[in-house]
2 protein chains.
Amino acid sequence: MATDDLMTRALESLGLDGPPSVEAIHGLTDLADVPESMTITEVAGLLDISPHTLRYYERAGLVEVARDSNGHRVYDAEAVRRLVFLTRMRLSGMPVRTLQHYIALADAGEHTVPERLDMLLEHRDTICRRIRELTLSLAATEYKIATYGGSTGPDVRAPAAATETGRTA
Amino acid sequence: MATDDLMTRALESLGLDGPPSVEAIHGLTDLADVPESMTITEVAGLLDISPHTLRYYERAGLVEVARDSNGHRVYDAEAVRRLVFLTRMRLSGMPVRTLQHYIALADAGEHTVPERLDMLLEHRDTICRRIRELTLSLAATEYKIATYGGSTGPDVRAPAAATETGRTA
DNA sequence: GCTTGCGTTCGAGCGTGCTCGAAGTCATAG
DNA sequence: CTATGACTTCGAGCACGCTCGAACGCAAGC
């Protein structure tokens with residue numbers, strides 16, 4: 001069996017064949033419809049995280065959020081945009097510690113732009129590495145599924161000697 | 001700016017353009033050169049994890065490892081192959097709990113093959129989802145890098161109204 | 001007036017996955 | 001004879017990222 005095919009199929013099964021422009025631009029711009037101000041549950045719903053987590057982020061110093069007359073949080077567009085960024089970064093694996101550093105820089109002013117840019121570049125590399133790792137793991141998993149015999153190792157060599165359990169469907 | 005280009009560049013920067021057959025087959029078969037038996041540090045070196053972690057996996061019931069006359073662990077080829085599988089799965093995000101379940105099934109015998117296969121299929125889907133997530137995050141990060149202005153949000157709309165910090169290099 | 005509901009603060013707790021330290025055993029080197 | 005060093009077991013500790021519970025506040029509805 002051609003291993004190129006294997007990898008190709010693995011990549012195809014991701015659904016990355018066609019131009020994903022619609023998805024992509026949505027992922028990038030779904031923050032265009034941010035209202036003037038939102039409650040904590042609204043933001044939680046928007047970002048698909050819990051109010052608990054939002055309060056945690058605030059405690060961690062990642063966002064400042066104003067209060068209304070009742071002491072309830074009022075998220076303005078700025079805060080929501082920041083949170084969109086933060087959750088994106090979290091989702092792609094950036095640690096909270098790193099985000100704290102980033103935010104501290106952002107709040108420190110313009111002159112920290114180069115360092116922030118460096119952080120983003122490094123994070124980009126991290127994501128790339130991770131995707132490569134996952135792609136390889138995916139190929140390995142596909143392979144194991146395809147040749148499944150029940151042994152814990154793929155048993156790459158041993159074309160006719162199924163030692164433990166023989167089944168190749 | 002064309003968002004297709006953005007995504008395309010993002011994908012290209014992964015280095016997935018050419019056929020990665022060599023890499024792939026290596027990732028799949030580097031367990032072919034497994035010696036008859038290995039010490040804990042050798043296995044740790046092979047898998048790039050710590051001896052501590054190997055003992056932890058054993059305590060967790062993920063592998064059984066024999067001892068020599070000194071009470072030192074002796075990893076046979078079977079154990080090493082299993083550990084290769086386990087670390088691959090861990091690396092791709094499968095929880096230890098799930099692996100415990102999988103291993104329990106594998107040790108339970110042939111009749112658990114369908115369930116094990118199901119687990120692998122599900123894990124494959126999980127990896128695919130994760131890769132898609134990361135790919136999107138990568139595109140977003142690339143975008144933010146490209147349009148970097150220092151604000152926390154990408155500021156997709158607002159071509160001339162830089163509210164916080166105006167800089168678009 | 002009282003309940004219901006949605007919010008608040010604070011600190012503690014938890015699940016995951018290691019990671020470490022202490023105390024001991026053995027084998028080889030000097 | 002005694003280090004030195006690689007290994008053992010056991011239980012505890014830790015970093016991370018939430019997640020939760022308790023006690024409270026306010027505002028609208030019955």
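Residue numbers start from 1 in every chain, and the chains themselves are labelled A, B, ... in the order their sequence lines are given, proteins ahead of strands. Bear in mind the structure is a predicted one, so any value in this text is a computation, not a measurement.
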**Message:** If the condition is side chain to side chain donor-acceptor pair (under 3.5 Å), which residues does A:Thr126 pass it with, not counting sequence neighbours?
**Reply:** A:Arg129
Nearest-Å distance, [atom1] ([X]) to [atom2] ([N])?
{"X": "A:Leu62", "N": "D:dC16", "atom1": "CG", "atom2": "P", "result": "14 Å"}
{"X": "A:Met94", "N": "D:dC16", "atom1": "CE", "atom2": "P", "result": "15 Å"}
{"X": "A:Met89", "N": "D:dC16", "atom1": "CE", "atom2": "P", "result": "18 Å"}

**Message:** Need two values: the first and the last nucleotide of DNA chain C, 5' to 3', having an atom under 4.0 Å from any heavy-atom of chain B.
**Reply:** C:dT16 to C:dA27
Between protein and nucleic acid, restricted to nucleotides 27-30 of chain D and to nitrogen or oxygen atoms under 3.5 Å apart, what atom pairs and distances do you find?
| residue | atom | partner | partner atom | Å |
| --- | --- | --- | --- | --- |
| D:dA27 | OP1 | A:Asn70 | OD1 | 3.4 |

If the condition is side-chain contact (heavy atoms from CB on, under 4.5 Å), which residues does [X] pass it with, not counting sequence neighbours?
{"X": "A:Ser37", "result": "A:Val74"}
{"X": "A:Glu115", "result": "A:His101, A:Leu105"}
{"X": "B:Asp118", "result": "B:Leu121"}
{"X": "B:Leu91", "result": "A:Glu133"}

**Message:** Is it true that, when you exclude A:Asp68 itself, more than 12 heavy atoms of the residues, nucleotides or ligands shown sit nearer than 6.0 Å to its CG?
**Reply:** yes
**Request:** Look at atom CD of B:Glu122 and say whether more than 12 heavy atoms of other residues, nucleotides or ligands are closer to it than 6.0 Å.
**Result:** no
**Phosphate OP1/OP2 of D:dT9: any B:Arg73 side-chain N/O under 4.0 Å** = yes
**Under 4.0 angstrom between A:Arg90 side-chain N/O and D:dC16 OP1 or OP2** = no
**Message:** Just so I know, are the side chains of B:Val80 and B:Leu83 near enough to count as touching, which here means a heavy-atom distance under 4.5 Å?
**Reply:** no
**Asked** Given the rule that a pair is Watson-Crick or G-U wobble with both distances under 3.5 Å, how would you write DNA chain D in dot-bracket, using | for pairs to a different strand?
**Response** ||||||||||||||||||||||||||||||
**Prompt:** Is the B:Tyr102 ring parallel, tilted or perpendicular to the A:Tyr148 ring (thresholds 30°, 60°)?
**Reply:** perpendicular
**Message:** Contact list please: residues 49-59 of chain B against DNA chain D, heavy atoms, distance less than 4.0 Å, in numerical order.
**Reply:** B:Arg55, B:Arg59
**Message:** Quick check for you: among D:dG17, D:dC7, D:dC16, whose closest atom lies nearest to any side-chain atom of A:Arg97?
**Reply:** D:dC16
**Message:** Strictly by salt bridge (Lys or Arg N to Asp or Glu O under 4.0 Å), give each pair with a member in residues 53-66 of chain B just once, sequence neighbours left out.
**Reply:** B:Glu58-B:Arg67, B:Glu58-B:Arg73
**Message:** Looking at every non-hydrogen atom in both residues, tell me the closest pair between B:Thr87 and B:Tyr57 and how far apart they are.
**Reply:** CG2-CE1, 4.3 Å
**Qualifying side-chain hydrogen bond (donor to acceptor under 3.5 Å, both in side chains) pairs, either residue in residues 89-99 of chain B, two or more places apart** = B:Ser92-B:His123
**Asked** Who are the salt bridge (Lys or Arg N to Asp or Glu O under 4.0 Å) partners of A:Asp125, not counting sequence neighbours?
**Response** none
